[in-house]
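These numbers come from the heavy atoms of this one structure, side chains and all, not from hydrogens, waters or symmetry mates.
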Amino acid sequence: MATSNSLIIGDDDWMVSEVPDVPFWNETMATVLTDPDSGMASCFYIGRWWAEPTILRAMLAFALPGDRALFSRNYGRSPEPRLPSAAGFTMRPRPDRTIDFSYDGPMDLRSQSEVSCNGLGYGPTIRAKMHFTFTPLMPIWDMFADTAANTANPMFPAGHKEQLGQLHGILEFEGETFEVSRGFAFLDHSRGVRNYAKHHSHILVTGRFPGGWGFCAFKSRAADGNGLNKAMIFRDGKMIPATFETDGLEQYRDDIWRSFDVRLVTGTETIEVRVDELWNSYQLGLITPADPHWGVPLGADNPPSTWAQEQSIKLRCGDELGYGNLERCSRDVVLDQHWRSMFPS
């Protein structure tokens, strides 16, 4: 069965206690935030290091008003075998299936434009503190439960679960405070073989509307042309499988700020959603070209695109407005003069 309505804490809220001895096997947990009130976006990420899976790599990324960004990338071992925690950053599941995220430590302060065009590079390091809580609002979607994911695109593990929810909490640094009370968020937990060498491109659009419904839509292509197309609509406590139509990935190279349409097609209806406004721009992977060796074995002479661009989005469906997150990644994107012209100098 491809879906789960569980809102109770379970095995998937924790990391595995024993890592399989399988090449390229990995496990990652991440939560992405879009907060229209503060203008802030963020990603909290933790995953196993490919070279030694008992070592975890932890990353925090914040996109802030004024073209600013904060990043933290660290390695460490968890104080508890199954707890997603390393280098001062902890994701702690609670019995009601909320998850607390906490960190107190150094972060790199940059501009979003600088990182989008040149990678993380060098710059000031400051102290930042944060504490956020994720509250699930939609059922868990086991994205590839009915698909041999690794045969279509081996970058994406067969165990890949998503859940839409809400984030609240606080970020403090350099005398500034950002409070989030009702930010859009989604939680991602993947387990399995993840081989970046054959990946070409993907797009992931997630969103939630005030009427109580939401969606998660995913499309990818491997270097050999094979692809995946998966979407799920969450409505009235139910999950409705769909496919995903959009030109949002194709136009990514030309203009990352341009609006585009999303069509969610089920067996009985087509839902038209407009990605009406895009803001913020920060990198989830910070791999290429910022650091081609950070945590990922490329395994190819032609390095794949593992530098996924994250953006905040405002959505329109008829007269209803919602918010969400957009992730795009493509080998066709190169950091040339045209790309750089899309960002403030």
Side-chain angles (χ1 to χ4, degrees), residues 12-19 24-33 40-64 68-94 98-110 112 115 119-134 157 167 169-174 176-178 180 185 187-191 194 196 282-288 290-297 306-308 310:
D12 287 321
D13 298 288
W14 304 90
M15 306 193 88
V16 297
S17 55
E18 294 185 12
V19 178
F24 295 105
W25 192 95
N26 210 318
E27 178 176 31
T28 63
M29 302 182 75
T31 294
V32 176
L33 161 73
M40 184 176 75
S42 66
C43 176
F44 311 145
Y45 167 96
I46 198 162
R48 297 186 182 277
W49 184 33
W50 69 272
E52 173 46 67
T54 64
I55 297 176
L56 304 180
R57 48 194 176 97
M59 187 183 80
L60 305 176
F62 288 94
L64 304 168
R68 295 177 298 168
L70 285 173
F71 292 96
S72 171
R73 298 185 301 161
N74 292 296
Y75 291 91
R77 285 187 168 89
S78 176
E80 303 173 30
R82 301 197 64 193
L83 181 68
S85 178
F89 170 53
T90 299
M91 295 183 177
R92 184 171 293 277
R94 299 296 183 186
T98 62
I99 298 179
D100 286 344
F101 303 86
S102 60
Y103 179 74
D104 181 352
M107 297 195 77
D108 296 313
L109 178 61
R110 304 288 189 272
Q112 296 180 40
V115 176
L120 189 58
Y122 298 96
T125 301
I126 62 168
R127 179 186 179 186
K129 296 189 294 182
M130 66 160 231
H131 187 275
F132 289 89
T133 299
F134 172 85
L167 208 69
I170 189 169
L171 167 70
E172 300 175 280
F173 71 96
E174 297 279 274
E176 291 191 68
T177 299
F178 289 86
V180 175
L187 182 70
D188 174 292
H189 188 182
S190 66
R191 288 176 179 156
R194 184 186 288 268
Y196 288 81
Y282 66 103
Q283 276 61 44
L284 178 61
L286 286 173
I287 307 299
T288 304
D291 183 349
H293 304 292
W294 190 72
V296 177
T306 53
W307 189 1
E310 304 291 320

Do you know the tightest heavy-atom contact between [X] and [Y]?
| X | Y | answer |
| --- | --- | --- |
| Met130 | Leu171 | CB-CD1, 4.2 Å |
| Leu56 | Leu83 | CD1-O, 4.3 Å |
| Gly76 | Ala86 | O-CB, 3.7 Å |
| Ala185 | Leu167 | CB-CB, 3.9 Å |
| Pro106 | Tyr103 | O-OH, 2.8 Å |
| Glu27 | Arg191 | OE2-NE, 2.7 Å |

Does [X] use its side chain to pair, donor to acceptor, with the backbone of [Y] at less than 3.5 Å?
| X | Y | value |
| --- | --- | --- |
| Asn26 | Arg48 | yes |
| Arg82 | Met15 | yes |
| Ser72 | Leu60 | no |

Quick one: does [X]'s side chain get under 4.5 Å of [Y]'s, heavy atoms only?
| X | Y | answer |
| --- | --- | --- |
| Trp25 | Pro53 | no |
| Ile170 | Glu172 | yes |
| Ile99 | Thr31 | no |
| Arg57 | Tyr45 | yes |

Working to the nearest 0.5 Å, report the span between [atom1] of [X] and [atom2] of [Y].
| X | Y | atom1 | atom2 | result |
| --- | --- | --- | --- | --- |
| His189 | Met29 | NE2 | CE | 4.5 Å |
| Glu310 | Ser42 | CD | OG | 10.5 Å |
| His131 | Thr90 | NE2 | OG1 | 9.5 Å |
| Thr177 | Lys129 | OG1 | NZ | 9.0 Å |
| Arg77 | Ser85 | CZ | OG | 13.5 Å |
| Tyr282 | Leu70 | OH | CG | 12.0 Å |

request  = Ignoring hydrogens and angles, state whether a donor on the side chain of Ser190 or Thr28 is under 3.5 Å from an acceptor on the partner side chain.
outcome  =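 Thr28 and Ser190 do have a side-chain donor-acceptor pair below 3.5 Å.
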message = For Thr54 and Glu52, which I'm curious about, is there any donor-acceptor pair between the side chains at under 3.5 Å?
response = yes
Test salt bridge (charged side-chain N to carboxylate O under 4.0 Å, His left out) applied to Asp108 - qualifying residues, sequence neighbours left out =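 Per chain and number, Asp108 pairs via salt bridge (charged side-chain N to carboxylate O under 4.0 Å, His left out) with Arg110.
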task = Begin with the C-alpha distance, continue with both residues' side-chain angles, and end with the deciding distance and a verdict on side chain to side chain contact (heavy atoms under 4.5 Å, CB included) for Asn74 and Phe89.
result = CA-CA 9 Å; Asn74 292 296; Phe89 170 53; over 6 Å; no
ask   = Is it true that atom CD of Glu18 has more than 12 heavy atoms of other residues, nucleotides or ligands lying nearer than 6.0 Å?
value = no
inquiry  = Using the ring pair (Phe, Tyr, Trp, His ring centres under 6.0 Å) criterion, which residues pair with Phe62? Sequence neighbours excluded.
reply    = Phe44
request  = Output yes when Glu174 and Arg68 qualify as a salt bridge under the 4.0 Å nitrogen-oxygen rule, no when they do not.
outcome  = no
